[in-house]
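Each remark here refers to the structure printed beneath this line.
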Amino acid sequence: MVQATPFLLVLFLALGAHSLPAKKCSLTGRWINDLGSNMTISPVNANGDFAGSYHTAVSATSNEIKLSPLKGSMQKSPNQKGQPTFGFTVNWSFSDSITVFTGQCFVDDDGNEVLKTMWLLRSRVENIKNDWKATRVGINVFTRL
């Protein structure tokens with residue numbers, strides 16, 4: 001029985017690991033995306049609302065880039081399984097544009113939190129004839145700082 005003890009211990013630990021709760025992804029904190037932009041998200045309230053700030057590393061304007069406010073909402077429901085969907089808006093402080101992001105917070109296979117997002121950026125144009133060039137679309141992946 002003494003020789004079986006290490007085997008039983010390893011078996012018990014392996015079987016027990018499956019019953020551990022999966023790590024939940026939290027939006028709160030500091031993030032950096034694949035382009036080097038940084039954002040900070042304040043704690044999410046009971047309704048799923050949050051605020052924060054965004055400092056972009058890229059811009060189509062020649063204006064000085066400034067820290068810009070963001071406001072958003074995270075899906076809150078009884079079915080929430082710890083990898084929430086969310087959306088937020090950044091009102092750029094240095095240009096006549098606004099961006100909406102939507103995405104999901106994931107925990108990858110290594111236990112790291114990742115925000116996968118898609119965005120629409122709307123820039124002001126002089127007239128309706130130029131509307132065709134006013135909206136851009138893209139994706140960003142954020143990792144925790």
Validation row: Val141, Asn33 side chains within 4.5 angstrom (heavy atoms): no
Student check: side-chain heavy atoms of Thr143 and Asn112 closer than 4.5 Å: no
Aromatic ring pairing Phe142/Tyr54, orientation class (parallel under 30°, perpendicular over 60°, tilted between): perpendicular
Side-chain touch Thr85/Met74, heavy atoms, less than 4.5 angstrom: no
Backbone N/O of Gln83 and side chain of Gln104: donor-acceptor pair under 3.5 Å: yes
Contact check, side chains of Ile98 and Thr89, non-hydrogen atoms, under 4.5 Å: yes
Non-hydrogen side-chain atoms of Leu115 and Met39 separated by less than 4.5 Å: yes
Plane angle bin for Phe101 and Trp119 - parallel if under 30°, tilted between 30 and 60°, otherwise perpendicular: tilted
Within 6.0 Å of CD1 in Ile139, more than 12 heavy atoms from elsewhere: no
Shared hydrophobic cluster for Trp92 and Ile41 (ILVMFWY, side-chain gaps under 4.5 Å): yes
Joint cluster assignment, Leu70 & Phe94, ILVMFWY side-chain distance < 4.5 Å: yes
Sidechain-backbone polar pair: Ser68 side chain, Lys66 backbone, donor-acceptor under 3.5 Å: yes
Donor-acceptor contact present, side-chain Glu113 to main-chain Arg144, <3.5 Å: no
More than 12 heavy atoms from other groups under 6.0 Å of CG on Leu145: yes
Arg122 atom CZ, neighbour heavy-atom count above 12 within 6.0 Å: yes
Asn130 backbone acceptor or donor facing Asn127 side chain under 3.5 Å: yes
Side chain Trp31, main chain Leu27, donor-acceptor under 3.5 Å: yes
